[in-house]
Each structure stands twice: as C-alpha cells, then as structure tokens.
Amino acid sequence: MATPAEYRTPKQLDALEQSLRAEMGTLADDRAAEEFRIKYLGKKGLLRSLLKGLAGMPENERKAFGARANRLRADIEQEFKQAPWRSGGATAEHSSFDPTLPAAPLPIGSIHPSVQTCDEICDIFVRMGFDIAYGPDVETDYYNFEALNFPRHHPARDMQDTFFVSDSMLLRTHTSPVQIRVMEKQKPPIRCIMPGTVYRHEEISARSYCQFAQVEGLYIDRDVSMADLKGTLLAFSKQFFGENTKIKIRSSFFPFTEPSIEVDVWCFVCNGSGCSVCKQSGWLEILGAGMVHPNVLKAGGIDSEEYTGFAFGMGVERIALMRYGIDDIRLFFENDVRFLKQF
Ligand code: PHE
C-alpha cells in the first residue's frame with residue numbers, strides 16, 4: 001500500500017476507493033475487520049493521513065483533492081460501520097461484546113418480614129375455608145366508626161387516635177370497616193379474612209408505629225357461637241405457633257363486639273417460664289375478638305335475629321416481632337436492607 005504522500009490526484013483516490021471496497025469485501029471476521037479499521041480508519045490510518053499530502057500541492061488542485069479525500073473517508077467509514085459482520089453497526093471498541101452470553105445476575109430482593117407473616121396468617125385461614133377481601137386505606141367515618149357501633153362522641157373513639165383527612169374521611173384505624181363492606185355485598189354464610197394496612201396517630205416508639213398491618217376475620221352464619229370462635233383461634237394458633245400452643249381468653253371491650261375478648265398465646269420463646277418477650281408473664285397478647293354486635297350486623301344489612309357471627313383482628317407486626325425475637329417495630333418500616341435481607 002502506498003504512503004499518504006503518494007496520493008496526489010482525485011483519480012488516484014478513485015483507485016484507492018475501489019481497492020478498499022474490494023478489501024472490505026474479504027474481511028472474514030472481527031479480527032480482520034479490526035485490522036482494516038486501524039490501518040485505514042484509525043487515528044493514524046491512511047484515510048486520515050491523506051490530507052497531509054495537500055501541503056505540497058498547487059492551490060487549484062488542493063480544493064478538489066481535499067474534498068474528494070474527505071468524501072472517500074466518510075464513505076468508507078459509513079460502509080465499514082454497516083458491513084454485515086458488524087451487528088447493529090457497533091464500533092470496533094465493542095467488538096468483544098457477546099450478546100449470547102447470559103446476563104450478570106441481578107441482586108434478588110426478599111419478601112418483607114411483615115408481608116411474609118401476613119401471607120402465612122392468611123394461608124392458614126384460607127385452608128380453613130375463609131375468603132380474602134380488601135377495603136380502602138382512606139375510609140369514611142361511617143365505615144371506620146359509625147357502622148361499627150361507635151356513635152359520634154363515643155369515648156371508645158379515643159382508643160384509636162385517628163388521622164383525619166377531612167371531617168368525614170380518615171385513614172382507617174383498623175381493618176374492621178371491611179367487615180361492613182363485606183356484609184353489604186354478601187349474604188351469610190360469610191367466612192372472610194381481611195388483611196390490610198391501618199394507621200394510628202401514635203407516638204412512634206420501639207413498641208408502636210403510626211402504621212401497621214392487621215388481619216381481620218369475620219364468620220357469620222346461623223348458630224355461630226363463642227365456642228366456634230375459640231376453636232377457630234386455637235386451630236390457628238396451633239398451626240402458626242406450634243402444636244403445643246395454649247391460648248388464654250380474657251374479657252375485653254370493643255364497641256363492635258359483644259361479648260369482647262382478648263386472646264393470649266403461651267409464650268413460645270420461653271415456654272411460659274417468663275422472658276423479656278412476654279415481659280415475664282409467660283403469655284403474649286395476639287388479638288382482639290368477640291361476637292359481632294347486633295348493631296353491626298344491622299349496619300351490614302344482616303338480620304341479627306337469624307344470624308350470629310364472630311370477628312377477630314390481629315396485628316401482623318406484633319406477631320412478627322415476637323416470632324423473630326425483634327425488639328423494635330420501627331425496623332419494619334425503615335427499609336434497611338441489612339435488616340430485610342435476614343428474612
Ligand atoms: N379492630 C380491633 C382493633 O383494631 C380488633 C378487633 C377486630 C376486635 C375484630 C374485635 C373484633 O383493635
């Protein structure tokens with residue numbers, strides 16, 4: 001191949017173009033292509049050096065030669081890029097890229113411990129024949145309170161410090177409003193669980209947070225009794241906490257259930273001998289429950305003379321805390337991957 005200085009006329013450039021095109025046609029693989037690129041198209045390649053020959057040329061020839069040399073370089077570059085052995089016109093710098101290699105693995109996330117716990121709780125009830133229902137996080141005062149037998153100005157509203165969105169709209173303080181929504185749509189028998197996030201205007205501490213998850217349960221049919229409630233919750237506790245679990249029922253108060261109870265499970269951390277998780281009592285409080293109040297059945301459009309039912313509600317993070325021996329509920333909401341990756 002001639003040196004740059006030997007190309008002095010547009011005619012010679014025509015001949016050069018022909019031979020370059022012929023050579024391009026013989027390039028068999030990436031390596032040959034790369035050699036071609038360096039030799040002719042690279043920074044020190046022939047096509048970039050052609051203009052150096054201009055120096056010794058008469059003025060009138062210079063212009064034509066310069067224009068021709070530039071066009072030649074542009075044409076060959078273009079054709080080189082589009083040649084069939086360069087997929088997608090990639091430049092030579094990328095020629096080591098192999099599109100058939102498997103991609104580098106992406107880091108895989110994990111299911112949030114509170115979602116895991118919620119799923120497990122729901123699975124157990126689904127196996128017992130419960131359906132799942134959902135309701136809105138932003139609720140009306142009617143569904144969150146009024147229909148659940150909390151009249152306006154009822155002191156029990158203080159049990160649940162509420163985030164109000166407007167006079168009549170609020171962030172639900174519990175999943176119980178979904179009970180009413182289910183009753184309105186469905187006639188007994190009703191067997192339903194209702195998982196969801198709830199919000200309370202509470203001081204944030206290791207033990208309480210302004211949002212958490214609950215799983216609500218509702219069973220309505222003819223002749224449903226307290227014994228059914230107890231049997232259902234014991235069956236749940238054995239499946240969730242272990243076959244040897246015992247439960248303890250204490251009387252309590254909720255406006256929407258009568259009678260109302262709270263249920264404790266035998267502390268599975270210390271087997272009842274007393275530890276920091278159960279605060280030395282041997283028992284862990286896991287849920288509130290009771291027989292659905294006749295006023296609530298009425299609000300749901302269900303005849304309380306014909307049907308009875310039970311309801312329960314449990315705090316998911318509370319159960320997850322005990323189960324994993326975690327001492328600060330805030331960890332569930334800080335999204336620190338070092339914490340989340342452990343589950
Ligand atoms: N909604 C109650 C709470 O958030 C729990 C509950 C549900 C109690 C259903 C009884 C029946 O505290």
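Each ligand, and each atom within it, is numbered from 1 in the order the structure gives. For the numbers below, each heavy atom of this structure counts, side chains included, while hydrogens, waters and symmetry mates do not. These figures come from a predicted structure and were not determined experimentally.
Contacts of Phe256 with ligand 1, taken as heavy-atom pairs under 4.0 Å, involve the side chain alone. By the criterion of a heavy-atom distance under 4.0 Å, the side chain of Arg200, and not its backbone, is placed next to ligand 1. For Ser176, every heavy-atom contact with ligand 1 shorter than 4.0 Å involves the side chain, none the backbone.
Numbered from 1 in the order shown, with element, the atoms of ligand 1 that lie under 4.0 Å from a heavy atom of Glu216 read 7 (C), 9 (C). Close contacts between ligand 1 and Gln214 involve ligand atoms 3 (C), 4 (O) [criterion: under 4.0 Å to a heavy atom]. Under a 4.0 Å criterion applied to the non-hydrogen atoms of Phe254, ligand 1 contributes the atoms 8 (C), 10 (C), 12 (O). Under a 4.0 Å criterion applied to the non-hydrogen atoms of Phe312, ligand 1 contributes the atoms 7 (C), 9 (C), 11 (C).
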Quick one: do Asp98 and Thr100 satisfy side chain to side chain donor-acceptor pair (under 3.5 Å)? Show the steps, please.
CA-CA 5 Å; Asp98 180 352; Thr100 63; 2.6 Å; yes
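The cationic group of Arg323 lies under 6.0 Å from the six-membered ring centre of Phe240 and within 45° of the ring axis, placing it in a cation-pi geometry.
There is a side-chain donor-acceptor pair under 3.5 Å between Ser176 and Glu216. A donor and an acceptor atom, one from each side chain of Asp228 and Tyr219, are nowhere located under 3.5 Å apart. Between the side chains of Gln342 and Tyr324, no donor N or O sits under 3.5 Å from an acceptor N or O. A donor and an acceptor atom, one from each side chain of Glu203 and Tyr209, are nowhere located under 3.5 Å apart.
By the 3.5 Å distance cut-off applied to N or O atoms, His174 is counted among the residues near ligand 1. Taking any N or O of Thr257, backbone or side chain, none lies under 3.5 Å from an N or O belonging to ligand 1.
Note that NE2 of His112 is 7.5 Å distant from CD of Glu317, once rounded to the nearest 0.5 Å.
Ion pairing between a basic and an acidic side chain is recognised when a charged N comes within 4.0 Å of a carboxylate O; Glu34 and Arg37 show such pairing.
Ligand 1 is never approached by Glu262 to a heavy-atom distance shorter than 4.0 Å. Under a 4.0 angstrom heavy-atom cut-off, Met314 registers as lying outside contact with ligand 1.
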